[in-house]
Protein chains: 2
Amino acid sequence: MTVKYIDFSDEKPLYAQVVEAIKQKISDNYWTLGMMISSENELAKEFDVSVGTIKKALSVLVQEGILYRRQGRGTFVASPDFSKSFSRFFRYGQFKGEASEVPGSQFLSAEVIPAPTEIAAALQLVAGDDILFMKRVRTLQEIPFCVEEIYLPYSRFKGLENLDLGKKLLYPIYNQNFSTPIFWAEEFLQPDTATGEVADLLNIPMNSPVMCVERIAYTYEDIPVEWRRSMGRGDSFRYHIVIR
Amino acid sequence: MTVKYIDFSDEKPLYAQVVEAIKQKISDNYWTLGMMISSENELAKEFDVSVGTIKKALSVLVQEGILYRRQGRGTFVASPDFSKSFSRFFRYGQFKGEASEVPGSQFLSAEVIPAPTEIAAALQLVAGDDILFMKRVRTLQEIPFCVEEIYLPYSRFKGLENLDLGKKLLYPIYNQNFSTPIFWAEEFLQPDTATGEVADLLNIPMNSPVMCVERIAYTYEDIPVEWRRSMGRGDSFRYHIVIR
DNA sequence: AAGTGGTCTAGACCACCAT
DNA sequence: TGGTGGTCTAGACCACTTT
């Protein structure tokens, strides 16, 4: 484990160095998801800076969603929950305030292939590197609403194809089985119409509207570790976003 | 103009009260878009709190995008620029790093009608209230990429229909001519296929993919003042978003 | 009672900008 | 040179949680 010290002669502000150091400790699994980290006073002693500087650094990390704090309890490593934000985008069979249901998954294939150039570029690999390619249909209340293609660097996820992925979500598996917590992601949305295969899998007429969502998921260290494309039924897809 | 004072016996933190007071002054047009507000020291004297508390309040307002600060210059009221974030969603004829071009507009209609129930609800009006309804085609390099329907409460925007809206953006007009700066917005995205009319206006085949974006735009005081629906060409629409 | 984070103060010093 | 925001300190007091 690499330890970062605070360099008082560095031009970079002390609180920013503390931010980096704490991120490093999380990356190194010194502190893991959900764990309480050291208190303000302990951190101040450890880094030999004032409590105020620690407060500033922690507020930055809270702002970035890496930590959360509870008065009287402590400061904890946040567990980002994509399943929530994901299912929120779909209104299929959902009524106001209804508890969101975990979608089911039916895997169609899982195989190791050489990386296509587009995928290799997005995942910062060399074209031809081993890629685990999976295809699945996602369902809510037994009704298919989404077809997904998922590409993973095989060197990191060796053996994932042998696991029983029945009703489990993928991101907790990335985290628990492969020490690869997903921390953030970017998505590209584009409207499209259903091809014969997709229409068949989603049980909708050919050429009816579908939403194409391409996502690249990243670790704490901003390493891209998953590329996926989802084709969602147009009539059940409604993406909500607040600007500023 | 209503003046807010700081209540030291209030349970609400002082910095939060300062945040409210500054927001109020902006709402009251005491400080307007782009204007420099009082310095930290002046604010501390004015509100009779410490500079540290002012710093905390200002950092909240910067976080919310209401203010921006420049070392050595001062603290200013931010001018949100939706045109930038808007055009970013479309890749039509855009190459990497190319300067974004302001879309042209061709108005098809502008008339005052009684508010449809759905629009009235979204704009917090009574069904039947006067609504200014406008329809336009937006173009980039003379090529249509988007059809828009815009609904505005007529009581607030009386006379807008008589302005020459040739190549101007709407939000600066809302701000300058109607004292209604748009501060934030929410959008709902859904894929669809082009009807005959939309296909005709966009010069694409019927039933080809389009992105339907419904937007509600709000003021500083969270009053909804515009409802619009944009139908964008599927092949030129690519929405990018970062999650967390 | 002890420990945590949340608020608030009063100051110091610095980097940056305008004049 | 004087005013601005940015960083950092050392402390006080409070609200909340756990034991």
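Below, each value reflects all heavy atoms present in this structure, side chains not excepted, and no hydrogens, waters or symmetry copies. Sequence lines set the chain letters: A, B, ... in the order given, protein chains first and strands last, and positions in each chain run from 1.
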Grab the N/O contacts between the protein and nucleotides 17-19 of chain C below 3.5 Å, and write none if there aren't any.
none

### Heavy-atom contact window of chain A on DNA chain D, given 5' to 3' at under 4.0 Å
D:dT7 to D:dT18
### Query
Got A:Val77 and A:Tyr220 here, is their nearest side-chain heavy-atom distance under 4.5 Å?
yes
### Query
Under 6.0 Å between ring centres, would you say that holds for A:Tyr174 and A:Phe157?
yes
### Task
With axes from five pairs an end, tell me the bend angle of the helix from C:dA1-D:dT18 to C:dA18-D:dT1, nearest 10°.
0°
### Task
Mind checking A:Val51 for me? I need base, sugar-phosphate or nothing, with any heavy atom below 4.0 Å counting as a touch.
nothing
### Summary
For B:Glu149, the side-chain hydrogen bond (donor to acceptor under 3.5 Å, both in side chains) test, sequence neighbours excluded, returns none
#### Entry: Salt-bridge contact A:Glu214-B:Arg238 (side-chain N to carboxylate O under 4.0 Å)
yes
### Task
Identify, with sequence neighbours excluded, every residue that meets side chain to side chain contact (heavy atoms under 4.5 Å, CB included) alongside B:Glu46.
B:Lys25, B:Ser38, B:Leu43
### Task
Report the residues that fulfil side chain to side chain contact (heavy atoms under 4.5 Å, CB included) with B:Asn162, sequence neighbours left out, ordered by chain and then residue number.
none
### Task
Begin with the C-alpha distance, continue with both residues' side-chain angles, and end with the deciding distance and a verdict on side chain to side chain contact (heavy atoms under 4.5 Å, CB included) for A:Leu160 and A:Leu165.
CA-CA 9 Å; A:Leu160 175 60; A:Leu165 299 172; 4.1 Å; yes
### Query
In terms of side-chain heavy atoms, does B:Tyr218 have a donor or acceptor partner in B:Glu186 at a distance below 3.5 Å?
yes
